[in-house]
Amino acid sequence: AGSARWWVRTGAFARVVYSSLAGGLLSDTLSADLAGALLGPQANLADAETGVQVTTSLTAAPTLLIWDNVEAAFSPDAVAYGDQARERLLALARELSQAPGCRLLLISDSAACPPALAALGATSLALPELAPEAAAALVGSAAKGADDASVARAVALLGGNALALRCAA
């Protein structure tokens, strides 16, 4: 949420729509969430005009779509997703990644981009570990009032993984 507000505040995007694929979120649900975020809760995907309105809305203002936990859908052991669900998800990703004004950010816990998503022309970025001083500063700023010993234990336990440190704080 903090990153989304930062992207909007800096003007990089007019809006950010976040979805997590953990737990088997299907393309129909992602589409409904997107339509609701862009058009409001009254958006009805059964109405053929809604798809046109979503595309128009995406074109009208720079939009960042974040799909978190993509490994939940595209890893070989993803039990919540079958082949058909993966294909529908990939088709939706392909469609959204080509919409003018829209950027699709795919976040995965694995270092490698799933092969199915590589076809989208995805750019993989591996986040390096934070240096111990930076890790301590991150934990200290997120865990207000934490003493130095607690911060040091968290950094020693979690290393320099910024996401893990932020979640722990």
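- Residues Leu96 and Leu30 have side chains not in contact (no heavy-atom distance under 4.5 Å, counting atoms from C-beta outward).
- Counting heavy atoms from C-beta on, the side chains of Leu89 and Leu21 come closer than 4.5 Å.
- Checked against side-chain hydrogen bond (donor to acceptor under 3.5 Å, both in side chains), Ser150 has the following partners two or more places apart in sequence or in another chain: Asp147, Arg153.
- Considering every non-hydrogen atom in both Phe13 and Leu64, the closest pair reads CD2-N, 3.5 Å.
- Here the OG-CG distance, from Ser20 to Asn69, works out to 3.5 Å after rounding to the nearest 0.5 Å.
- Rounding to the nearest 0.5 angstrom, the gap separating the CG atom in Leu34 from the OG1 atom in Thr63 is 8.0 Å.
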Can you give me every donor-acceptor pair (side chain of residues 41-50, partner residue at least two apart or in another chain, under 3.5 Å) with its distance?
residue, atom, partner, partner atom, Å
Gln42, NE2, Leu39, O, 2.7
Asn44, OD1, Ala46, N, 2.9
Asp47, OD1, Glu49, N, 3.1
Thr50, OG1, Asn44, O, 2.6
Thr50, OG1, Asp47, O, 3.4

Counting only pairs under 3.5 Å, give me each side-chain donor-acceptor contact of residues 131-144, with atom names and distances, residues two or more places apart or in other chains.
residue, atom, partner, partner atom, Å
Ser141, OG, Ala137, O, 3.3
Ser141, OG, Leu138, O, 3.0
Lys144, NZ, Ser141, O, 2.6

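- In this structure Ala60 satisfies the side-chain contact (heavy atoms from CB on, under 4.5 Å) test with no other residue, sequence neighbours excluded.
- The CG atom of Asp33 lies 10.5 Å from the CG atom of Leu38; values are rounded to the nearest 0.5 Å.
- For the atom pair Leu104 CG and Trp67 CH2, the distance stands at 5.5 Å (nearest 0.5 Å).
- By the neighbour-count criterion of 12 heavy atoms within 6.0 Å, atom CZ of Arg88 is densely surrounded, having more than that number from other residues, nucleotides or ligands.
- In this structure, Ala156 has no side-chain contact (heavy atoms from CB on, under 4.5 Å) partners at least two apart in sequence or on a different chain.
- Every residue two or more places apart in sequence or in another chain that forms a side-chain hydrogen bond (donor to acceptor under 3.5 Å, both in side chains) with Ser57 is listed here: Arg15.
- Annotation: salt bridge (charged side-chain N to carboxylate O under 4.0 Å, His left out) contacts of Asp83 (sequence neighbours excluded): Arg86.
- Atom CG of Leu105 sits about 5.5 Å away from atom CD1 of Ile66, to the nearest 0.5 Å.
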